[in-house]
J.: 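Here's a structure for you.
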Amino acid sequence: MSQVFYRKYRPKSFSEIIGQEHIVRTITNALASKILSQGYLFTGPRGSGKTTIARLFAKALNCQNRKAGDYEPCNKCSSCLEINDNRAIDLIEIDAASHGGIDQIRELKEGINFSPTKSKYKVYIIDESHQLSKEASNALLKTLEEPPAHAVFILATTEIHKMIPTIISRCQRFDFKRLRLPEIIKRLEIISKKEGIKIEKSALELIALSSGGSFRDGESILDQTATFCAKAHQKEIIIKTEDLRDLLGIVETQKIIKIIDFLLEKKTAEAISLFNETFDQGADLQQFVNEIINYLHNILMFKIGGEELHNPLTDGLTDEEFKKLKEQAIKFLEPDLRKLINLFLDAQTRMKSSPILQLPLELAIAEYCGIE
Ligand SMILES: Nc1ncnc2c1ncn2[C@@H]1O[C@H](COP(=O)(O)OP(=O)(O)OP(=O)(O)O)[C@@H](O)[C@H]1O
Ligand SMILES: [Mg+2]
Ligand SMILES: [Zn+2]
């Protein structure tokens with residue numbers, strides 16, 4: 001079985017990391033200058049590189065070939081190889097999501113004072129650290145207050161607001177950013193090349209757009225689409241934008257444009273029936289509403305700032321479609337447009353608890369078309 005992309009392409013050195021420049025710079029400086037702290041806290045959205053950078057940091061710390069002033073791990077010594085293969089004894093990964101981590105934190109406290117087996121440091125990566133139970137948090141706090149010199153802690157979390165302040169204040173904090181589209185596109189392009197996948201530029205953009213800033217999700221979509229498009233006895237895999245639309249259940253922009261036209265003309269029944277038709281054809285309604293909101297957002301930005309606020313890289317539109325968007329932007333009155341976006345945003349929230357999935361949308365359309 002071949003490995004999934006997000007494992008296969010987990011960066012093995014700092015140079016492969018995309019984005020997070022401020023974090024990479026501070027950490028590599030710390031490594032090079034040997035000015036280390038014993039507690040680090042990585043917070044930020046999923047799939048943005050927290051676990052990846054934590055492991056790289058651990059690898060560089062324990063690399064046997066790293067010279068003073070360097071920061072990259074060699075990926076050749078036994079310590080680096082053990083970490084790459086997930087079998088390093090002195091890198092201890094704790095998942096706080098399982099039972100609040102109490103058993104593992106207890107184990108940690110029992111073992112932490114023994115020197116590392118083979119390496120210079122014992123590195124503890126505590127994932128999902130916001131899920132540590134109260135008991136586990138308190139136990140960890142005591143250790144963080146007075147760790148032995150050979151211990152380094154890296155806590156990772158997507159929800160820092162759930163962590164106790166005393167733990168946060170014991171750590172050096174790094175705020176990871178959602179990855180930007182051009183960065184995601186660039187690295188997906190590299191991976192595609194390595195995998196012998198020929199992919200249209202617009203398809204890459206669509207993947208990046210659908211990833212929501214999580215590179216893991218971007219890689220998974222690419223992976224899935226490649227499997228979907230692979231043909232027996234053919235070495236090269238070709239991915240077209242339409243393949244992706246099918247696979248992701250993305251509604252064609254043409255339909256969105258048409259719905260917006262109906263709304264502009266206040267044609268309630270036509271707009272609702274086009275909605276229902278799309279739904280019946282198997283579109284994911286939440287996703288569909290997301291796309292409409294995204295499209296309306298582009299109209300709004302164009303209305304407010306013209307070409308200046310319009311980002312061709314993130315709109316996912318062809319030139320033809322963008323021309324149409326401009327026409328629609330001119331037809332909308334700005335307050336109406338704002339009203340419409342708010343209605344859709346509300347509908348989207350209400351859809352989550354509505355007994356009839358499409359009802360909040362139908363109400364939003366009817367209400368909008370009822371405006372004089
Ligand atoms: N900044 C990045 N540069 C390069 N690859 C990345 C980056 N962020 C994530 N990836 C890719 O995505 C995968 C998942 O990343 P990682 O496990 O580091 O995310 P995370 O921030 O820990 O997410 P989670 O909060 O879900 O645990 C990695 O294996 C890697 O392939
Ligand atoms: Mg992680
Ligand atoms: Zn090494």
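Indexing begins at 1, ligand by ligand and atom by atom, following the structure's order.
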J.: For a salt bridge (charged side-chain N to carboxylate O under 4.0 Å, His left out) with D261, tell me which candidate from K255, K324, K267 qualifies.
T.: K324
J.: Are any of the N or O atoms of D127 closer than 3.5 Å to those of ligand 1?
T.: no
J.: Do any nitrogen or oxygen atoms of G49 lie less than 3.5 angstrom from nitrogen or oxygen atoms of ligand 1?
T.: yes
J.: Could you confirm whether T51 has any N/O/S atom lying under 2.8 Å from the Mg ion (ligand 2)?
T.: yes
J.: Provide the number and element of each atom of ligand 1 under 4.0 Å from a heavy atom of Y9.
T.: 31 (O)
J.: What about F5: any of its N or O atoms under 3.5 Å from an N or O on ligand 1?
T.: no
J.: To which protein heavy atom is atom 3 (N) of ligand 1 closest, and what is the distance rounded to 0.1 Å?
T.: I18 N, 2.9 Å
J.: Would you confirm whether the ring centroid of F275 sits within less than 6.0 angstrom of the ring centroid of F288?
T.: yes
J.: What do you reckon, does E128 have a nitrogen or oxygen under 3.5 Å from a nitrogen or oxygen of ligand 1?
T.: no
J.: Could you check whether any heavy atom of G47 sits closer than 4.0 Å to an atom of ligand 1, since that is the contact criterion I want to use?
T.: yes
J.: Quick check: R46 and ligand 1, any N/O pair under 3.5 Å apart?
T.: no
J.: Any N or O of S48 that comes nearer than 3.5 Å to an N or O of ligand 1?
T.: yes
J.: Side chain, backbone, both or neither: which part of R187 has a heavy atom under 4.0 Å from ligand 1?
T.: side chain
J.: Check each atom of ligand 1 against the heavy atoms of T158 and keep those under 4.0 Å away; list them by number with element.
T.: 25 (O)
J.: Given D217, T43, T52, V24, which one has a non-hydrogen atom that is nearest to atom 16 (P) of ligand 1?
T.: T52
J.: Any idea which protein heavy atom is nearest atom 24 (P) of ligand 1, and the distance to it?
T.: R216 NH2, 3.6 Å
J.: Answer yes if I272 and F279 sit in the same cluster of Ile, Leu, Val, Met, Phe, Trp and Tyr residues linked by side chain heavy atoms under 4.5 Å apart, and no otherwise.
T.: yes
J.: Does ligand 1 have a heavy atom under 4.0 Å from the side chain of P11, from its backbone, from both, or from neither?
T.: side chain
J.: Do the side chains of V152 and L36 get nearer than 4.5 Å, heavy atoms only?
T.: no
J.: Using distance alone, decide if ligand 1 has a nitrogen or oxygen within less than 3.5 Å of any nitrogen or oxygen in Q20.
T.: no
J.: Would a line drawn from the ring center of F57 to the ring center of F14 be shorter than 6.0 Å?
T.: no
J.: Which atoms of ligand 1 have any heavy atom of E219 under 4.0 Å away?
T.: 11 (C), 12 (O), 13 (C), 30 (C), 31 (O)
J.: What protein heavy atom sits nearest atom 29 (O) of ligand 1, and how far off is it?
T.: Y6 O, 2.6 Å
J.: Using the six-membered ring of Y368, assess whether NZ or CZ of K266 lies under 6.0 Å from its centre and within 45 degrees of the ring axis.
T.: yes
